[in-house]
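The next block holds one structure in the form of structure tokens; read it before the comments.
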Amino acid sequence: MDPQPTYPFAEVEARWRRSPSARPDRDLPADASKAAVKHYIYPWPAPFSVGGRADLSIERRWVLADTLARLQGHRAQAPVVPIVVDGFAPAPPGGRPADRARECLETLEIRRTGEVVDTTAPAFYRFTQWIFLELHLKGLAARILKRVDACTRCGRKYRFGSLASCRACQGEISERRESEWWIDISGYGERLVQDLEGGQWPREEMLGQKDVLGRVRGSEVSFQVSRLFEDEYAELVVFTTHVERIFGVTFILVDPYHPIVEAVLDPAYEDDVARYRERLRKGAEPRISAARTGGFALNPANLRRIPILVSPLASVPPSDGAVMAVPAHDPELWELAKRLKLPIREVIHNDKAKFDSQSRLEEPWLGDGVLTNSGSFTSLPVRVGRDRVIGLLNRKGCCQRATRFRRSRLLAAAQGVWGPPVPVVHCKRCGIVPVPEHELPVELPPELAAGPVEGGLAASKRFVRASCPACGEAAARDADGILPWLGTAWAYLRALLPGLDGPVEGFQGQAPGEVRPEATSSDATREAPAPATPAVPAREAPPEERAPEAAQAPDSSVPSSPAPHLDVLPEDIDIFAVPSAAPAAAGDPAQESAQESAEEPAEEPAEGPGGEEERPAEPDAAAGGSGEEGEGPVAPPEAAPGGEAAAVARGAIEPDLASTTVEEALPQQSPRGTPAKEPGPAKGLEGGGEEADDEDDGEEEAADRLSSLRPFSGPFVPALLPVDTAIGAGSLRPGDILAVRFLARFLQETGHSPVAEPFRRYLRAGAVQVGPPPAVPPPKSPAKGAAGPAEKARPGDGGRGPPGGAPAAGEEPRSLSELAGRFGADAVRLCLLFGGPPPRPIAVDVHRARCMQRFLDRIWRQMLLRRERGRYVSRRMLVEKHQMIHRVTERLQAGKPHTAVAALMRFVRFLEDRETAPEDMDRFAMRTFIILLSPFAPFLARELWAAMGETDDLATAPWPVASDELVHPPEREFPIFVDGRLRDRMQQPASLEPEKLESRALQRDRIRELVGSRRVERVVVVPQRLVSIVLATEPPRQG
RNA sequence: GCCAGAGUGGCGGAACUGGCAGACGCACGGGUUUCAAAAACCCGCGGGCCGCAAGGCCCAUGGGGGUUCAAGUCCCCCCUCUGGCACCA
């Protein structure tokens, strides 16, 4: 035989790439109503880093999407497959990701719909910002100032109060404030959980999301609280899952920074609490500890006065900063009570518990039991008691059922994050003022357009300087960056709105009444909003030039000038100054040494100055700007002294768990805590922590402020949503998906999107590692393979033996284009599909690519051979063919492309079988095979198609349908079991009646022999399947 | 610690609602071809036992119990690993 012909992929690909009809991408049709677009496949946006990557995870998603889309294409549909590149994600910058993505798509012959969407394009993030504003106006997004501890040496950040010195470099820890924007989703939790059931979520994803949301059902109990010698009462709401234990509550713990502390703290205890806080911060206090506040609460059940203490134990979820302590039934509280000599009162009795001679509990009882010491509820079982207690307290008006969610907020923007700027302005007079819609986008300054820069937005003075859209006074732009998820979370809508790049009514920047004074004029990119290639004028503001503190900061343990974060403000706008009368942090210089991190800790986003005092301060205040650095007209004022200390002194104490300050309070941070009322999402946040029981009003009011624009209202949006198949990245955490689902709900509620659930089906595609498996895991092989093959494994031959150590040099340096160049695009596609089940991570390497290439060669040969000789089609061939159709179709739709490929391979194997004549495959069979092949290996398929002389368009050739009759042939083999063991088989008509199957089975020689003289006790016949014979147990002679 | 998921040949992995375990691929062994090698092609390939052979039997889906005519699949206990949560989103 001649040397076996091989598939000349290079030549074929070149030919088809050159062909004008081969342009792989397409646009949404102009007229939606005529279009056959019915199917929407959405590969999750991803960062697309530039340069050699050892990771083809995105390509895997794209190929999977493309393969599924091609299948639909054969079903007379033009599926929509947008490609979105998330440039803001923390990927190494240094190029135009969108361009590289385009190249890659072309290489792999992936069809996309429309242009590659880049989240970093101002035309895109204009709407990210717009959505952000909608969230803000609806009262869901609010700004919070948060304390963090940061290492003064390496900049690493830690939770406030958690450490005494840097875990990584032992450097000194100092407090710093950071601003963050959070979205309150507590009102959406219930629906987010419920609607999981309806969707086609893989079990794992569903559980993950539920887990992240962390729904806890319980009750809220309000306690009257007061200072020691005062009669004035305030209210404290405590969440608990065990109301029935209310009679056992002997004290109350609150977070050391809980706002209620302010209300109840007795002057006599002020020092104690302050010291306690400080000791906690330094790690000098154990977790199980507490300090008295001198405040008391009234137990509504038995009207006893119980002390209020501050303790970190109060912040353990699901509690949100206050717990009613029942020490008798909680180990930690038990220990605390013992230490502080607080009373312990048994309320759940069980004889199994340990009691001392006076029948007092000897250790906390955690199990079940009946209520005791509980007034009229005594001796009720816990379950019953709970309902009764709720009933009682409810009548007293101090208890209601409540649901909490562990994740009730989403981080939407933060200081130092590289992302679209938060489109608001901070004005001394008006507070937080949204940038008007028509001024969107608020573009990134040029030095930040291409990638993150140390110090972030706040470092750009020109950016920060602005004027208040409301009053026209000088103001400062918010310097926080919006997190990547918010951009990608609406990208599936963007892809259906091709016009969104251009002018959109209501959004064009240069509207008549535009108020944008000096701040704008210097900003080059401002003028050209649209698709914007922000001509980056080579970093006009090198980071070094700004902020002298940065230079002095790195290792100085000396507190630098307090709060350098104000250096970004123009000197004449002293917006966030704190009353200079404030006790200037006198007490505590250490707290003030906020400073920038010179080097970024690897895992934290770039972090900058900026961030201001909470609460737009009273206008009369002025903190001196010492004007350290007079670059241009902008002189950074000196920071307002005593940010934190002053705040504390004024009593503006962080309401959230220990470490955050709300600027516009999120509901659950109001002193009362949050009643996360089920049905009503989107309570107004405005007005600080005022109780929003009149939700309707709040909502209406908010609605008034929402945008009247409907930019997302193209014809394709209702036609194609929800997305039919979303292909998520393996790296997506459940919380990320949750965020997208939340946003979808929000957009639906506000009338911007027709669907609340964005995805009909969700597939996850795991990571792809390029190259050979990481290393030889040494512990693995020695035990078993010691003698045989392990010894013989030849390490030398071209990366073969998987455990054989490093593959031959020269083989391995790889990239997508190199692989595609050596083995062809189809082979790479197959690698990505065949590598394993989508959710799992796979590897792609030269060896695997070659295997796929070999498979393509085998196809090539068979098809050439049969094109010459094929004449007829046998029944055997038909059955094989239809089984292949059935398997490929079903497996591909099921999201298991690797088994679909296996079905193709199986068929090819059948063709190669000796028993299969070269003549046995007619033209139709070949057509069918090629069509089935084409979603997986489009180049080869197209070449074969042309070689067959077919002239119709392969891409839209109708997908074959498997005939049931042939998939399940009329004659089949029935296994026969005797006593549960496979003993014989017989060929019989598939639909033979059970009775006949039974009798024919019993008549078989082999079965008669096995049965012998024993009695047939039972025969189980499964029609279409098998016969199972049960014999009576042997007569008991050898028993 | 809490919650969830997964453990199948030497490897990646198949197996629809309980119904012939190991599809497909790799690796490995033998053979054909070749001066030789690569490539290609053919045969074999979970383990053990009986048999010259055809063939047959037994054991095998982390371990141990159970339900069933029948268990990788369902139930209980245990072991191991992974993921999520708990200190961050």
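Just so it is clear, the values below take in all heavy atoms, side chains as well, and ignore hydrogens, waters and symmetry mates. A, B, ... follow the sequence lines: proteins, then strands. Residue 1 opens every chain.
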Pairwise [atom1] distance, [M] and [N] [rounded to whole Å]:
N: B/C74; M: B/U8; atom1: P; result: 16 Å
N: B/G66; M: B/A14; atom1: P; result: 31 Å
N: B/U17; M: B/A27; atom1: C1'; result: 36 Å
N: B/C28; M: B/G65; atom1: C1'; result: 38 Å
N: B/C52; M: B/G63; atom1: C1'; result: 41 Å
N: B/A15; M: B/U61; atom1: C1'; result: 11 Å
N: B/G22; M: B/A60; atom1: C1'; result: 11 Å
N: B/G25; M: B/G19; atom1: C1'; result: 27 Å

(request) Take A/L483 and A/C851, find for each the nucleotide of RNA chain B with the closest heavy atom, and name the residue whose nucleotide sits nearer the 5' end. (result)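 This one resolves to A/C851.
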> Want to settle it: does A/G835 or A/V212 sit nearer the 5' end of RNA chain B, counting the closest nucleotide to each?
Replying inline: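 On the 5' side of the pair lies A/G835.
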Nearest to side-chain heavy atoms of [X], which nucleotide of [options]:
X: A/R854; options: B/C26, B/C24, B/C20; answer: B/C26
X: A/E973; options: B/C20, B/A14, B/C24; answer: B/C20
X: A/P837; options: B/A40, B/A14, B/A23; answer: B/A14
X: A/R858; options: B/A23, B/G25, B/C42; answer: B/G25

What is the distance from [atom1] of [X] to [atom2] of [N], rounded to the nearest Å?
X: A/R764; N: B/G83; atom1: CZ; atom2: P; value: 11 Å
X: A/R840; N: B/G12; atom1: CZ; atom2: P; value: 9 Å
X: A/F974; N: B/C20; atom1: CZ; atom2: P; value: 13 Å
X: A/R850; N: B/C26; atom1: CZ; atom2: C1'; value: 13 Å
X: A/M852; N: B/G12; atom1: CE; atom2: C1'; value: 11 Å
X: A/Q209; N: B/G83; atom1: CD; atom2: P; value: 19 Å
X: A/M905; N: B/G13; atom1: CE; atom2: C1'; value: 12 Å
X: A/R1025; N: B/U17; atom1: CZ; atom2: C1'; value: 9 Å

Partners meeting ring-ring contact (aromatic ring centres under 6.0 Å, His included) with A/F977 (sequence neighbours left out):
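Expected list: none.
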**For A/F936, ring-ring contact (aromatic ring centres under 6.0 Å, His included) partners two or more places apart** =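 Partners of A/F936 by the ring-ring contact (aromatic ring centres under 6.0 Å, His included) criterion come out as none, since no residue qualifies.
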My understanding is that a pair needs two contacts under 3.5 Å, Watson-Crick or G-U wobble. By that rule, which nucleotide pairs with [N]?
N: B/A53; result: none
N: B/C20; result: none
N: B/C26; result: B/G10
N: B/U32; result: B/A40
N: B/A70; result: none
N: B/C2; result: B/G84
N: B/G46; result: B/C59

> Is a salt bridge present between A/D857 and A/R850, judged by a nitrogen-to-oxygen distance below 4.0 Å?
Replying inline: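 Salt bridge absent between A/D857 and A/R850.
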Give a yes or no on whether a salt bridge exists between A/D984 and A/R1004, defined as a side-chain N under 4.0 angstrom from a carboxylate O.
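Counted as a salt bridge, because a side-chain N and a carboxylate O are separated by less than 4.0 Å.
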Taking only side-chain nitrogens and oxygens of [X], does any of them come within less than 4.0 Å of OP1 or OP2 of [N]?
X: A/H898; N: B/A23; result: no
X: A/R909; N: B/C24; result: yes
X: A/R914; N: B/C43; result: no

Sort me out a list of protein N/O and nucleotides 67-69 of chain B N/O pairs below 3.5 Å, or just none if empty.
unit_1: B/C69; atom_1: OP1; unit_2: A/R1018; atom_2: NH2; d: 2.5
unit_1: B/C69; atom_1: O2; unit_2: A/S1028; atom_2: OG; d: 2.8

Check: Under 3.5 Å, is there a donor-acceptor pair linking the side chains of A/R741 and A/Q209?
Finding: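 Judged by distance alone, the side chains do pair up.
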Under a 3.5 Å threshold, yes or no: a donor from one side chain and an acceptor from the other, between A/R1000 and A/Q988?
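Note: A/R1000 and A/Q988 side chains meet the donor-acceptor criterion.
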For the pair [X] (side chain) and [Y] (backbone), establish whether a donor and an acceptor sit closer than 3.5 Å, ignoring hydrogens and angles.
X: A/R983; Y: A/R1006; result: no
X: A/T899; Y: A/R891; result: no
X: A/R829; Y: A/P935; result: yes
X: A/R60; Y: A/P838; result: yes

message = Applying side chain to side chain donor-acceptor pair (under 3.5 Å), can you list everything that pairs with A/R764, at least two apart in sequence or on another chain?
response =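 Partners of A/R764 under the side chain to side chain donor-acceptor pair (under 3.5 Å) test: A/E204, A/E205.
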Per-nucleotide protein contact along nucleotides 54-61 of chain B, 5' to 3', at a 4.0 Å heavy-atom cut-off (B base, S sugar-phosphate only, - neither), is --SSSS--
| Which part of the nucleic acid, if any, lies within contact of A/R972, taking any heavy atom under 4.0 Å across all strands shown: a base, the sugar-phosphate backbone alone, or nothing? |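 Base contact.
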Check: Looking across every strand, which nucleic acid part, if any, lies under 4.0 Å from A/E890 by heavy atom: base, sugar-phosphate, or nothing?
Finding: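 It contacts nothing in the nucleic acid.
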- Query: Angle class for the A/W860/A/Y7 ring planes (parallel below 30°, perpendicular above 60°, tilted otherwise)?
  - Reply: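 Taking A/Y7 first and then A/W860, their aromatic rings sit tilted (interplane angle of 30° to 60°).
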Report task. Have a look at B/G9 and give me syn or anti from its glycosidic angle (syn if within 90° of zero). Result ->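 With its glycosidic angle within 90° of zero, B/G9 counts as syn.
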Tell me every residue that passes salt bridge (Lys or Arg N to Asp or Glu O under 4.0 Å) with A/E912, counting only those two or more places apart in sequence or in another chain.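 Applying salt bridge (Lys or Arg N to Asp or Glu O under 4.0 Å) to A/E912 gives A/R858.
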